[in-house]
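All heavy atoms count here, side chains included; hydrogens, waters and symmetry mates do not. Every chain is numbered from 1, with letters handed out A, B, ... down the list of sequences.
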Amino acid sequence: MNRFLQSINARELIRPLGQMVVFSLGSAIVLSSIVLTLALGLDQTAVGLALQDKYNVSLYTYTLVNLPQVVIDGLTIGFVYAAIALGYTMVYGVLEFINFAHSEIFAVGAFVGVEILIALDHSGLLRSASLGMSYVLLTFAIISGMVAAGALAVTVERVAYRPLRGASRLVPLISAIGVSFLLQDLIRLVEGLTTGDFNRIFPSFGNFDQRLNFGKLALGETTINLGISIKSIIVIVAAMLMLMGLNYLVNATRIGKAIRAVAQDRPTASLMGINVNRIISITFLVGGLLGGAAGVLYALKFTRIDPFVGFFPGLKAFAAAVLGGIGNLTGALLGGIVLGMLETFAGSYMGVFTMGAAGSEYKDIFAFSILILVLIFRPQGLMGENVGQKA
Amino acid sequence: MITTGFRQLFDRFNHGLWPCAIIIGHTLLGTFLVYSTPRSSLAFLALVSSFFSLYYFKADTRFKIVAGVLLALVVIPVVGVRNIFYLEVIFQICVFAALALGLNIVVGFAGLLDLGYVAFYAVGAYLWAFFGSQQFYVLHFAPGTQPSNLPFLLPGDAFYLFMFLAIIVAAITGVFLGLPVLRLRGDYLAIVTLGFGEVIRVLANNLDKPLNFTNGPQGITPIQRPTMPEPLVDSFNNVFGSLIGHQASIADMYNVMFYFLALAMIIVIIFVTRRIDDSKIGRAWTAVREDETAAIAMGIPLVRMKLAAFAMGASFAGVMGVLLAASRTFISPESFSFMQSIGVLTMVILGGSGSIPGAILGAATVTLLNLQILQGFSLYLSELRQSDAVIPLINFAWRDLSTQLDPAKYQRLLFGLILILMMIFRPGGLIPAKRRKRRLAGEEAVTEQ
Amino acid sequence: MALLETINVMKVFGGLTAINKVNFQLEPGRIVSIIGPNGAGKTTFFNTLTGIYSPDGGEINFNGRSLVGLRPDQIAARGISRTFQNIRLFGEMSVVENILVGMHVHLRQSPLATLLHLRKFKAEEAEAENKAVKLMQYVGLRGVGNELAKNLPYGAQRRLEIARALAADPLLLLLDEPAAGMNPQETEDVTRLFRSIRDDRGITILLIEHDMRVVMNISEHICVMDYGEKIAEGTPAEIRSNPRVIEAYLGRGAVAGQHEEKLI
């Protein structure tokens, strides 16, 4: 036992945890100060007065009161994006290929997890479950979603990507788009045949819908409720655990070393006796596991899923991977958190700041704007290194 | 084995007078079948496929042109007015063929994967939808609250002007969108164009405030059409009335007109595309597609060439958008989804990336699969549902089949399967692009020595 | 005046200085070789000259004007053509079309003339085609004008790359290991071709080459690079007896003269 403990590389467990805390706090503080400054500045202008007229509240107070919830929502979705983004970034790192179908891997994970819980709900198990049991069942659903998504990711690679490995770049990408579309309709087909309904609802059980209240913060005349829903805690903690696990796998194990070797130089890795096909399969497996778990967590947080649920989270997670620097694990983590935060802040405050002209309806294309700006001005991403094009 | 056997059979009949006989026979058979059995998919396929025997068999060019003109300008309108459903299908094939030809320039020639191509289609459609309707006077009303007796901004005949304007506006949009992103590597470009496509759709959905430009998700209607001269309708009826069996109404004639316009656009697009492809620009596009580094070292300005391809593809889509808005008299953001972009991409890939006949074949095949096969399957399923039939072994009654299962809505499945299978088994497409063989005078002289 | 002149050119990748303050002058009408061990920075030097990399310092002047800050296509239009170490042809295009791409900068072809096939367009295309066939024959390719470039045998691909580079009527031709992978007979043929390109067409040639027979045979001047720096320059005879060059090739401790024949 002692030897086992010694063999664990503690540094590789603590480092990602520290990074996540730094990234979360950092983006929260930066964005909060930006909106608060904006609110202060606009308080006495037409924007502030319009709000005053309508709800009898000053812009600054409005901003401040909503801030804690916005930060928590942003972090929750940010960690989901980070978990999906890691799937993109790992595959890109190894194959230089955008796995367009990763968003549907995520959706399949969500559907498998939710369908299992719905089945348990119908059998009455969920309602009679004790609190501890409901956590066990949730874990079971997450793991089922992970396994299904991981198996699917490996299968997709084997069937639709591997035969195209020698072809030009766009060929596997087009195939991946085909897989993405095919999977969307296959989910729809299976759901249509078995349940007759494409929109599935995450059953409510356990104490996940409750909120933990940490009390109230009084600031002058206004009071701010400090609290967090248990759902959000579960999503954040589960995502953190997985991200730490992934970081450990990649940076402190033999398999991780092989993955890094294949990512750097596939022919040489192959000469060194590494089974490249196996490592690529493992990469897809790991990406699929993370994506599947993210799917179930997403369903837990947002309750409703449909066969196209993967599209926007998938694209945003890709944007996050590019924002952080594609191929870079820490970058995907940072990109996911920053993008989730940015998007939630924009969705929550843009409507008020623009007096209703542009609000949360533009939330979904916000990520694209960031993606495009990053690609134009810093294509290597926040944490990537500038690599010259090979002549 | 089968293909070589087929090849031999094909070659045996592909000389002398055989081709002419086959083409005439095929066309007559198709016409007869469509004439005698309205709404039959197979009869319709027989007629449409006669275009391909026209393309494939070797015959005198003059004969081909005459046969093609008769088929496109006489047979199809007559059959189409007799049964307007066929004309609608043919019109859709033409619109998608034009779009596929436009995307083919971007994807097939220049090798730029554009996943947001219908954005330019939307630009054209909304351009005419805004100026060719009452929308200008609706600017200050929220959707659904405008008074009912608003005037139109422009006369319907401005449509023709806007077909030209759309070329320019869409090309400018293409340059504007392309400029910042065309430096990117191919796969990033794909995602960014996808993003642009979504941005355009979201804008169309949400620009009903602060000023009501697009009328939001409800879309803009009515959109004007150009005027239809009465004498034209009368003379059409005089000539073809007896063949059709009933008097063609103005609405029928509008359908014929838009079909002709779409056909004319296809011919213009093919002409322009072939001329450009066979010049230094076309060679530069192929070079850029094959090897960017080598191309730029040969003095080819990468970004400018890519922009040219982007703008050209965009302008074709813009024109077709104007045509769509006028023919439908209604436009909503739904027509410009990501799925539509992938649909057009599927047509290009299925037919053969970089191949002009391929793009048309791809458009025809995918549209027919969509409209005829999937919907036919849907009809069949709903008949089964109403019957007492039971699947034998598993004892499943068709009646219990979920009504949510509607094959007509499974286009994504179709597109996805086509894309994957083509990439794995036939990446060149059904009719792979061919390089033009040059008659190299100087070279032959030398080899003979 | 020198045709090409670099002053203190630098190129740095991350922490690695790939080219370190290289000063180099190329007189017009010469055949000059750049030699050096693998990783010496020769190809990086070419890529910096042709604008694929932008220099991190220094000046590059060509034909009296600076090339710094120009895009590769602009530099090509100024009159520098090149071939690549690992052949980069347009595989799906025919042999003639590959050469026609090389003429891109010289073809006028206004959009209107292209669309309407005006007489001047047709005349220009026909002339270009003729010129392409002549170039093909000049480099020793016959009867393959309509073949796809990817279907040519290796030696013919190397020749086609040279023909494509010549199609741009360059002032300076950069050849990156043009004899790599060729048998002695082929090597001798292309060596003759290079000399003819300079003698008959007046094109200055700068080449990177590992095959010392080629280098010593045709170079009038040789520049030796190692670790990104120019370590020697001179006539073949001078280079052959330069101790620094021998050290770079054979390692420290090798005595000049003893291993001379190996270098040659």
Per-residue contacts, [range] versus chain B, heavy atoms under 4.5 Å:
range                       : value
residues 107-114 of chain C : C:L107, C:R108, C:Q109, C:T114
residues 147-170 of chain C : C:L148, C:R164
residues 65-76 of chain C   : C:R71, C:P72, C:D73, C:A76

My understanding is that only residues two or more places apart in sequence, or in another chain, count here; which of them pass side-chain hydrogen bond (donor to acceptor under 3.5 Å, both in side chains) with B:R304?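 Checked B:R304 against side-chain hydrogen bond (donor to acceptor under 3.5 Å, both in side chains); zero matches.
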Return the [atom1] to [atom2] distance between [X] and [Y], rounded to the nearest 0.5 Å.
X      : Y      : atom1 : atom2 : answer
C:L100 : B:M298 : CG    : CE    : 13.0 Å
C:E124 : B:K280 : CD    : NZ    : 8.0 Å
B:S279 : C:H117 : OG    : NE2   : 8.0 Å
C:T50  : B:I296 : OG1   : CD1   : 9.5 Å

Counting heavy-atom pairs under 4.5 Å to chain B, which of C:K134, C:E92, C:M103 comes out on top?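 With the most close heavy-atom pairs to chain B, the winner is C:E92.
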Do you know which of C:L116, C:V105, C:L115, C:V101 has the most heavy-atom pairs under 4.5 Å to chain B?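 Of C:L116, C:V105, C:L115, C:V101, C:L115 has the most heavy-atom pairs under 4.5 Å with chain B.
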Does atom [atom1] of [X] have more than 12 heavy-atom neighbours, drawn from other residues, nucleotides or ligands, at distances under 6.0 Å?
X      : atom1 : result
C:E59  : CD    : yes
B:R183 : CZ    : no
B:F271 : CZ    : yes

For the interface with chain C, which of B:D278, B:T286, B:I300, B:L302 has the highest count of heavy-atom pairs at distances below 4.5 Å?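 Of the candidates given, the most pairs with chain C belong to B:I300.
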Judged by modelled atom types alone, do B:R283 and C:H104 share a side-chain donor-acceptor pair under 3.5 Å?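 The criterion, which ignores hydrogens and geometry beyond distance, is not satisfied for C:H104 and B:R283.
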Tell me, for B:A295 versus chain C, whether the close heavy atoms (under 4.5 Å) come from the side chain, the backbone, both or neither.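 Both backbone and side chain of B:A295 come within 4.5 Å of chain C.
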Any chance you could lay out the side chain to side chain contact (heavy atoms under 4.5 Å, CB included) test for C:R88 and B:T293, step after step, and finish with the verdict? CA-CA 8 Å; C:R88 302 189 86 143; B:T293 308; 3.7 Å; yes
Checking C:E125 against chain B: side chain, backbone, both or neither under 4.5 Å from a heavy atom?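 The answer is the side chain of C:E125.
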